[in-house]
Amino acid sequence: MAGNTFGTQFRIMTFGESHGRAVGVVIDGVRPGLPIDTEFIQRELDRRRPGQSKVTTVRNEADRVEILSGVFEEKTTGTPICMVIWNKDQQSKAYEKIKDMFRPGHAGYTYLAKYGISDYRGGGRSSGRETASRVAAGAVAKSLLARRGIHVFAYTKEVAGIKSTTIDIGEIERNSLRCPDQRAARRMEKLVLKTKKGGDSVGGIVEVVVKNPPVGLGEPVFDKLEADLAKALMSIGAIKGFEVGNGFQAARLRGSQNNDPMYFDKKAGRVRTRTNNAGGIAGGISNGEDIVLRIAVKPPSSIVKEQETVTTRGKAAKISVEGRHDPCICPRVVPVAEAMVALTLLDHLTRQELLRKKTRLRAVRDVIDVVDHNILLLLAERQALVEQVGVLKQKRGQQIYDPSREKEILAKQLATARELRLDETFVREMCTAIFHLAKSTQEKMNKRSR
Ligand SMILES: Cc1cc2nc3c(=O)[nH]c(=O)nc-3n(C[C@H](O)[C@H](O)[C@H](O)COP(=O)(O)O)c2cc1C
């Protein structure tokens with residue numbers, strides 16, 4: 001099965017299934033000597049962990065992270081970092097009853113049709129549990145970005161049509177929905193619990209904000225920053241829509257309303273925009289303003305309410321998905337979305353640093369190549385003059401070898417070498433080689449004319 005890796009320079013590969021022994025991640029491309037805060041990784045996993053509140057599944061996983069490699073004395077060694085999170089509370093029996101039925105909205109049918117084999121217990125590889133691995137890797141990316149002053153955070157902006165009207169960052173981690181508006185959060189929670197009681201589920205919108213991103217992340221064609229961020233976020237289960245900046249709203253505006261007026265901010269020493277309708281990205285490249293993204297989170301598919309389906313043999317059936325499921329995934333998607341955005345940014349940041357290094361090196365080498373080329377052009381020009389001198393000497397019947405002339409040239413060249421702080425021994429050897437070339441050229445000319 002392909003597609004278990006993400007990123008180009010800072011790469012992750014996740015592994016494991018919902019009801020297997022563990023889920024985990026291998027991070028490749030980490031520089032040695034960077035600090036790794038295991039407690040921070042654990043805190044991030046705790047934010048995604050099931051069983052946190054009334055609006056999330058009651059599956060009780062401690063989600064303790066174990067770092068198997070790549071870290072020594074809380075510092076990266078530069079070798080792959082492998083992190084594992086053991087599954088402890090699988091309760092696979094709940095799936096026995098419905099193992100021959102496809103659950104609407106889940107990957108069961110498509111997965112089985114594609115691979116011919118599927119782990120029916122809790123969605124296997126397609127489960128939301130896989131995202132624990134992303135959060136562990138994302139925590140590493142987040143702390144490396146934070147060292148450069150870049151911060152990624154997300155929150156639940158809307159649940160089942162209830163919108164947050166204020167953004168109080170301090171409120172996000174205080175309520176069960178991770179909503180930045182306390183009043184809206186209370187209404188959301190009520191609605192989620194009521195829906196759960198009725199055997200149903202609700203969806204919502206999660207907004208991700210990146211504070212202080214550098215200018216220049218992203219490439220202008222296929223690897224546009226928003227294209228990679230869209231892939232990162234759309235790869236999370238249950239995400240059905242992606243927007244950057246004004247997003248779909250831009251389709252309803254005039255150019256004059258949607259453009260962000262520009263100005264030069266002397267204090268910041270760079271071009272800035274008065275508004276941020278573009279969401280911090282122009283032409284696929286970050287412009288230094290906050291990056292603002294939104295994703296649509298569908299209502300979870302596992303619901304108690306009876307639904308029409310078919311068995312794996314194609315027979316009509318009715319299904320009611322019992323067990324421990326999230327009635328609204330938004331609060332658990334928040335840390336996963338932050339992780340995926342952090343991983344994407346760190347990958348692009350690493351690419352950007354490599355590009356800068358390469359460009360500088362390549363530019364200097366290009367100039368060296370031009371200088372080397374010019375040295376040969378000058379040598380060819382000198383040879384042409386040597387031949388002219390050879391003809392004149394022949395006409396006058398003059399000797400080829402003129403030690404006083406060589407002495408005179410050498411003295412001049414050594415004086416120039418001293419002025420230019422060039423190595424005198426080298427210049428002496430170079431002049432001797434040039435004199436030798438001139439002499440042999442003129443000797444050949446004489447032989448030819450005899
Ligand atoms: C953190 C997290 C938790 C999830 N929990 C549930 C859940 O309890 N019940 C459910 O039906 N889907 C849940 N999902 C969503 C399913 O994994 C997803 O809908 C399913 O694999 C089908 O994929 P798709 O919705 O992307 O098409 C969760 C997703 C995430 C990211």
Side-chain angles (χ1 to χ4, degrees), residues 1 3 6 14 16-19 23 44-61 63 85 87 89-92 94-95 98 101-115 118-138 154 156 176-178 192 195-196 199-206 208 230-242 295-305 307 309 319-341 343:
M1 179 199 298
F6 181 80
T14 70
E17 290 85 28
S18 174
H19 287 231
V23 292
E44 288 294 281
L45 280 166
D46 292 346
R47 290 175 69 219
R48 195 219 67 100
R49 185 171 93 76
Q52 302 169 47
S53 74
K54 286 185 273 184
V55 301
T56 55
T57 164
V58 290
R59 178 166 171 172
N60 186 19
E61 290 286 3
D63 275 1
I85 301 137
N87 292 331
D89 187 29
Q90 292 100 318
Q91 299 192 12
S92 307
Y95 291 88
I98 53 165
M101 275 192 258
F102 292 124
R103 294 176 298 157
H106 277 290
Y109 166 64
T110 48
Y111 198 111
L112 192 66
K114 181 176 171 73
Y115 298 108
S118 145
D119 181 349
Y120 60 85
R121 303 163 308 162
R125 187 81 183 125
S126 309
S127 167
R129 178 128 193 88
E130 180 270 339
T131 59
S133 320
R134 305 179 189 215
V135 170
T156 302
S176 61
L177 268 304
R178 293 213 161 85
V192 173
T195 316
K196 184 184 172 187
D200 217 335
S201 63
V202 290
I205 294 173
V206 166
V208 191
K231 177 170 182 175
L233 291 167
M234 294 290 291
S235 72
I236 303 169
I239 306 308
K240 295 295 156 193
F242 170 86
I295 45 176
V297 186
K298 78 175 190 186
S301 310
S302 296
I303 51 173
V304 174
K305 224 177 197 169
Q307 289 174 284
T309 189
I319 189 169
S320 160
V321 185
E322 288 171 10
R324 304 160 303 164
H325 301 287
D326 293 295
C328 173
I329 314 174
C330 291
R332 295 188 65 209
V333 161
V334 164
V336 183
E338 288 173 3
M340 289 313 292
V341 169
L343 288 165

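Along the sequence shown, residues are numbered consecutively beginning with 1. In each ligand, atom 1 is the first atom listed, and ligand 1 is the first ligand listed.
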Checklist entry - Does any N or O atom in Val336 lie less than 3.5 angstrom from one in ligand 1, N or O only? => result no
Checklist entry - Will you find, in the side chains of Arg125 and Ser118, an N or O donor that is under 3.5 Å from an N or O acceptor? => result no
Item to check | Atom indices of ligand 1, in the order listed, that fall short of 4.0 Å to a heavy atom of Gly105 | outcome: 22 (C)
Item to check | Contact (N/O only, under 3.5 Å) between Arg48 and ligand 1 | outcome: no
Next on the checklist: Under a 4.0 angstrom heavy-atom cut-off, which atoms of ligand 1 come close to Lys298?
Outcome noted: 19 (O), 24 (P), 25 (O), 27 (O)
Checklist entry - Is the closest basic N to carboxylate O distance between Asp63 and Arg47 below 4.0 Å? => result no
Checklist entry - Of Ser201, Gly128, Pro300, which has the heavy atom at the shortest distance from atom 29 (C) of ligand 1? => result Gly128
Item to check | His106, any N or O under 3.5 Å of ligand 1 N or O | outcome: yes
Checklist entry - ligand 1 and Arg332, any nitrogen or oxygen pair closer than 3.5 angstrom? => result no
Item to check | Side-chain donor-acceptor contact under 3.5 Å, Ser302 with His106 | outcome: yes
Checklist entry - So, Thr14 and Arg134: side-chain donor and acceptor under 3.5 Å apart, yes or no? => result no
Checklist entry - Based purely on interatomic distance, does Ser127 place a nitrogen or oxygen under 3.5 Å from a nitrogen or oxygen of ligand 1? => result no
